[in-house]
Amino acid sequence: MRINVNNPVLVKEVKLRFRSLKSFTGILFYLIAMSIFVFGYIFVTTAFTGTGFFRPDQSFLLFGLLTFIQLGLILFITPGLTAGSISTEREKQTLNMLLTTSQSSLQIIIGKLSSSIAFLVLMLIAGLPIYSLVFLFGGISPGQLGLIFLFFFLTMVTVGSIGVMFSTIIRKTIVAMIATYGTMIFLAGVTAFFFIITIQVNMIGSGAAVTPAPLAHFWASINPGILVFTLLNPTTEGFVNELTQIEFPIWAGYTIFYVLISASAILISIKKLRVNMKRSK
Amino acid sequence: MIEIKGLTKKYGSFYALNDLNLSLSEGTVFGFVGANGAGKSTTFSILATLLQPTAGDAFINGKSVKNDPHEVRKQIGYMPDFFGVYDQLKADEYLDFYGASYGIPAAKRAELIPQLLELVNLTHKRYEYVDVLSRGMKQRLCLARSLIHDPKVLILDEPASGLDPRARVEMRDILKQLKSMGKTILISSHILPELAEMCDEIGVIDGGRLIAHGSVSDIQAQLKGERLISVKLKGLTDRAMRFFEEDPFVSGLEQHKEKHMITFKYRGSEDDQMRLLKHALEEQLSILSFAEQETDLEDVFMEITKGVETV
């Protein structure tokens, strides 16, 4: 299979997306919300302390809060952008014509996924000047910011791939969206709950002796919230490792799991796009 | 050019298509006639590589739709019966997107698009958004889209459906032009006289089975063995009814009292028909007219599909 760098679906999707007023207003309100939060926080902090300055530890706290807000936005927006990518074409009766072109299923799926991710990346980049404001006050290293953005990117690709997969295998956009949001809630929320439960069960089961809890470590590794904590404050990872008695890095587990999920979701989408064909090149 | 062998599509125990066999040579314009749900769109969807047959196979220019769909897609231009357009694209961008999807280089696309828009009489709408075009214009644009990669075979599922008479005439003219360009065209339509005018061959499908196939004149000639005769009388009488009923070649006798008319099917030769008329005049049946009714494609369709069991 060959990936055409000049992907027609990507070009068309980008054109359609950026011509819509929704995209413009989406980015506008996102930036307004971010600005209100950042400047509001700085104002409140400096006004109430009466000192007129902003300490590095407060800057770090702001950075942490912003990271969680952006993670929430990614988890909230990505399913909305991707879970209708194929099913909307089906509902609008444009899919059959697209499927009879020479484009491979891989090209179509990658085109759809990358156009959604391109929009999210644009949102993140547009918010970067506000995000970078924390550098003015210190407490954050550029490496940390880079790592956070890599984590955002991987999470976007994974949630996006899951959205495209559900959009391909489920005929109705609304059902595909519910399935994608459900998966996202599972990954972001239910895994944290399972982590706590498995740790508790392990403690009760082993009594005084401390035994390794691989399942608990697995739940911790696939939860984006826990990974953000470990990226922001590396001591958190030591705490999790102590609880589970497993030394495997959280970021490595997260990367492996999310890359595998993305690859599987993309493969399923490619296979199911032309669902009735014996062989699709 | 097109070879369909034992094509079958089953949904549970329902046969949407049952052992369809068909062979069409290059440049043929083939009209697919059939009622709703007869299997026309299923056949077209299989040929367009959108549906996998339960059994059998179809070959387009020697390429199997089952085993070589990628190659088949390059050979066909498909226009579905229902289709949508992308709201935020202009007519030329719409064609450009599909051109790129067929791997046509940008420079070649820039050359092709004005030519195609001219072919379908949409040059003046080149920079209009496609969602504001009328239904007829969208149909023509979709036809232009299916031609962008210069396919050898065109599969057009009800291209004239939902169009007003003027738009239908425009569509028919374009199709005639494509026929003159030597394209092999498979077309389905409910407007049967239109098919008769432009098709070299027609196939009648009912209940998933191809129940008749041949040229329009061949199929009409098959029915000529049983001509439809109408007799107008000055006042209907039982005597006249009895007279025609007694003839051994007459069947399906019907009385239309309000029109003072009798219609029946006649299986005899032309000489027999002549003798029948002569005999009727000798019997002084007050005949105002005695005429053989012309059979058009709709009659052919109704006649052929009558009594065919749906599987």
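In this text, all values refer to a predicted model and were calculated from it rather than measured experimentally.
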Which heavy atom of A/T100 sits nearest a heavy atom of B/Y78, and at what distance? CG2-CD2, 3.8 Å

Nearest 0.5 angstrom please: A/T101 OG1 to B/I148 CD1, how far? 12.0 Å

Heavy atoms of A/S102 and B/H70 approach each other most closely as O-CE1, 3.0 Å

Can you tell me how far OG of B/S101 sits from CG of A/N7, rounded to the nearest 0.5 angstrom? 8.5 Å

What residue, out of B/R145, B/K74, B/H149, has the most heavy-atom pairs lying under 4.5 Å from chain A? B/R145

Counting only heavy atoms not in A/L128, do more than 12 sit closer than 6.0 Å to its CG atom? yes

Is A/F18 atom CZ crowded by more than 12 heavy atoms from other residues, nucleotides or ligands, each under 6.0 Å away? yes

Honestly, the part of A/V11 sitting under 4.5 Å from a heavy atom of chain B is neither

NZ of A/K15: more than 12 outside heavy atoms within 6.0 angstrom? yes

With chain A as the partner chain, list the residues of residues 134-143 of chain B whose heavy atoms fall under 4.5 Å from it, by residue number, and write 'none' if nothing qualifies. B/C142

Quick one: which of A/E91, A/K12, A/K92 has the most heavy-atom pairs under 4.5 Å with chain B, could you say? A/K12

Using a 6.0 Å cut-off, check whether atom CZ of A/F76 has over 12 heavy atoms from anything other than its own residue. no

Hey, is CD on A/Q93 packed in by over 12 heavy atoms from elsewhere, all under 6.0 Å? yes

Could you give the side-chain donor-acceptor pairs of residues 82-99 of chain B under 3.5 Å, partners two or more places apart or in another chain?
| from | atom 1 | to | atom 2 | distance (Å) |
| --- | --- | --- | --- | --- |
| B/Y86 | OH | A/E89 | OE1 | 2.7 |
| B/Y86 | OH | A/E89 | OE2 | 3.3 |
| B/E93 | OE1 | A/R19 | NH1 | 2.7 |
| B/E93 | OE1 | A/R19 | NH2 | 3.3 |
| B/E93 | OE1 | B/K90 | N | 3.0 |
| B/E93 | OE2 | A/R19 | NH2 | 2.6 |
| B/D96 | OD1 | B/R109 | NE | 2.8 |

Please say whether more than 12 non-hydrogen atoms of neighbouring residues, nucleotides or ligands are located less than 6.0 Å from NZ in A/K172. no

